Amino acid sequence: MKPTIIIEYCPKCGWMLRSAYFAQELLSTFSEDINGVLLKPSEQSGTFQIIIDGVVIFDRVKAGGFPEIKELKQSVRDIVNPEKSLGHSDKK
């Protein structure tokens with residue numbers, strides 16, 4: 001079964017558009033590898049997490065900021081399809 005990616009964000013912080021952008025990027029890159037991306041407003045202020053099958057792969061508080069899209073795609077790829085090439089976004 002393909003995984004679902006959850007992007008949990010703080011709506012009070014104004015992070016819905018950022019979440020939607022990340023969702024769009026992940027859907028366009030991993031359309032064949034994932035079930036979908038769920039945008040989930042958080043009740044906890046300051047939350048921005050990316051979760052795959054219950055495992056938090058990114059937490060803004062722990063990271064001290066937001067991920068670069070290249071790094072996020074690499075982290076997602078390593079879980080959902082480790083053999084997938086990300087083209088110019090791939091690790092060297």
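Predicted model, so just to flag it, every value in this text is computed and none were measured.
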Item checked: Derivation of the side chain to side chain contact (heavy atoms under 4.5 Å, CB included) call for F22 and L39 -> CA-CA 10 Å; F22 283 145; L39 298 183; over 6 Å; no
Tabulate below the donor-acceptor pairs under 3.5 Å that side-chain atoms of residues 7-21 make, not counting sequence neighbours, or state none.
from, atom 1, to, atom 2, distance (Å)
E8, OE2, S42, OG, 3.2
S19, OG, W15, O, 2.8

Check: Given the rule in the side chain to side chain contact (heavy atoms under 4.5 Å, CB included) test, do Q49 and F58 qualify, once you have shown the distances and angles that lead to the verdict?
Finding: CA-CA 5 Å; Q49 293 184 332; F58 180 83; over 6 Å; no
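- Distance check, rounded to the nearest 0.5 Å: CD1 of I52 to CG of N35 gives 12.5 Å.
- A heavy-atom distance below 4.5 Å is not found between the side chains of Q74 and L72.
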Next item on the list: Walk me through it: do L27 and I34 pass the test side chain to side chain contact (heavy atoms under 4.5 Å, CB included)?
Entry: CA-CA 8 Å; L27 286 166; I34 61 174; 4.1 Å; yes
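- Side-chain contact between V76 and I5 is present, with at least one heavy-atom pair separated by less than 4.5 Å.
- The NZ atom of K2 sits 13.0 Å away from atom CG of D53, with the distance rounded to the nearest 0.5 Å.
- Connectivity analysis of hydrophobic side chains (ILVMFWY, heavy atoms under 4.5 Å, direct or indirect) links I51 to I6, L38, V56.
- Pairing each heavy atom of V61 with each of G46, the nearest pair is CG2-O, 4.1 Å.
- Under the 4.0 Å criterion applied to side-chain N and carboxylate O atoms, D33 and K84 are assigned as salt-bridge partners.
- A donor-acceptor pair under 3.5 Å is formed between the side chain of S28 and the backbone N or O of E25.
- Residue I57 holds its CD1 atom at 6.0 Å from CD1 of I50, rounded to the nearest 0.5 Å.
- Of all the heavy atoms in K73 and F30, the pair that sits closest is O-CZ, 3.4 Å.
- Hydrophobic cluster membership of M1, counting Ile, Leu, Val, Met, Phe, Trp and Tyr whose side-chain heavy atoms lie under 4.5 Å apart directly or via other members: none, as it forms a cluster of its own.
- Separation of atoms OG (S85) and CD (E83) is listed at 11.0 Å; rounding is to 0.5 Å.
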